[in-house]
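Whatever order the structure lists them in is the order used to number ligands and atoms, beginning at 1.
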Amino acid sequence: MTQPALDLVIAALETIREKTDRAPRASTTVLARLQGARAAAARPLALRTAHATPKAFGAVESAVPSGDPGSRNKAELLAVVRDRVRACTKCAHLACSRTQTVFGVGNPDADLMFVGEAPGVDEDQQGEPFVGRAGQLLTRILKAMNFAREDVYIANILKCRPDTSPGTFGNRPPTPTEMQTCRPYLVEQIEIIQPTVLVALGAVAVEGLLGMRATMRELRGRWHTCNGIPLMITYHPAYLLRNQAPSEKRKVWEDMLQVLERLERPISDRQRNYFL
Ligand code: SF4
């Protein structure tokens, strides 16, 4: 496909995505082909020729990330979305106030994907989600589940830190409009990664993912579905920092035990009895 034709297809898909609640659906294979065609069209002629020349193959191959082909494709697809997010100014006020966008981090081929609400001040400065105190607690929860942080994928509904008035401290939750505007990027991340299980951390993440508003007491601990993927809802780690009662930690842990069961991961007696 030529570059102008490809640009037309991508522009049409982006228009559909922005005008409807549901993102246009395409399989990962089709997306990979589209992105591959765009990359090939954009590649300088010399490089394209080198690809076709056996002697020069090694030089071109070394520029391609290693790893299994499936996750390499996913990493490349995510990189394309990351570039679009980096340049995004759809929320002009956030584009002005952010230090940088915070796209997401982790294994592009993860079975387990966590979704939070929006970057806070630490995330805005470091460009990575969940790096503050709440993020450190999430890393500890993952460790208790026998996951390293690099095993899973972590992202937020919003890719820019919600702005706050000058002189004020802390973070503010994203508005429904901000979430609606940014959500398509998250949907793309989910469709590329195709995790076996999604976990929504907190009521704002639930509202962004499912458009549902309810108390966490009503929402958490039960399975929902998002884009055809099982979704577990649990408290945001920041809630556990505010409320350190063992009973609340146990609730989150019970939700994570359900996640482990859904992933068919082994669960030890010690894990079953955590916080009891
Ligand atoms: S929050 Fe999302 S949609 Fe809004 S400017 Fe940032 S990246 Fe773009």
Side-chain angles (χ1 to χ4, degrees), residues 7 10-26 31 35 38 74-106 108 113-132 134-135 138 153-166 168-193 195 198-213 226-227 231 236 238:
D7 286 344
I10 289 168
L13 287 172
E14 283 179 343
T15 305
I16 294 168
R17 191 184 57 211
E18 280 161 21
K19 287 190 175 166
T20 63
D21 280 348
R22 299 183 58 185
R25 297 192 69 83
L31 281 173
Q35 298 298 355
R38 177 151 79 172
K74 289 183 180 185
E76 287 167 358
L77 290 170
L78 285 172
V80 173
V81 184
R82 180 193 293 267
D83 285 346
R84 294 207 334 267
V85 166
R86 201 175 275 141
C88 181
T89 55
K90 285 183 198 169
C91 318
H93 59 300
L94 301 186
C96 286
S97 62
R98 71 191 178 207
T99 304
Q100 58 194 310
T101 52
V102 181
F103 181 66
V105 69
M113 178 170 174
F114 288 82
V115 178
E117 55 182 68
V121 65
D122 296 315
E123 289 76 17
D124 174 67
Q125 278 164 13
Q126 296 184 43
E128 185 174 323
F130 284 91
V131 291
L138 177 61
Y153 197 88
I154 305 170
N156 282 315
I157 303 283
L158 227 66
K159 311 305 185 201
C160 298
R161 179 177 184 235
D163 55 346
T164 50
S165 310
T168 57
F169 294 98
N171 302 311
R172 73 159 171 86
T175 65
T177 303
E178 288 166 346
M179 289 196 281
Q180 182 75 16
T181 309
C182 203
R183 187 178 182 275
Y185 293 129
L186 178 67
V187 171
E188 284 189 80
Q189 287 173 295
I190 293 170
E191 290 188 342
I192 292 168
I193 295 164
L198 280 162
V199 176
L201 298 167
V204 176
V206 175
E207 188 183 342
L209 276 170
L210 302 179
M212 271 168 62
R213 275 195 196 187
C226 176
N227 272 42
L231 169 77
H236 194 286

Evaluate V102 against R161 for side chain to side chain contact (heavy atoms under 4.5 Å, CB included), listing each step before the verdict. CA-CA 8 Å; V102 181; R161 179 177 184 235; over 6 Å; no
among protein heavy atoms, the one nearest atom 5 (S) of ligand 1 is C91 N, 3.4 Å
Nearest 0.5 Å, what's the CD1-OG1 distance between I157 and T181? 12.5 Å
Taking the ring centre of each residue, are F130 and H236 less than 6.0 Å apart? yes
Pairwise side-chain contact, T164 with N171, heavy-atom cut-off 4.5 Å (strictly under): no
K159: numbered ligand 1 atoms lying under 4.0 Å from its heavy atoms: 7 (S)
Looking just at side-chain N and O atoms, do E191 and N227 make a donor-acceptor pair shorter than 3.5 Å? yes
With a cut-off of 4.0 Å, which atoms of ligand 1 are near a heavy atom of C88? 3 (S), 5 (S), 7 (S), 8 (Fe)
In the protein, which heavy atom is nearest to atom 6 (Fe) of ligand 1, and how far is it? C160 SG, 2.3 Å
Region of A95 that comes within reach of ligand 1 [heavy atoms, distance under 4.0 Å]: neither
Which residue and atom name correspond to the protein heavy atom nearest atom 2 (Fe) of ligand 1, and how close is it? C182 SG, 2.3 Å
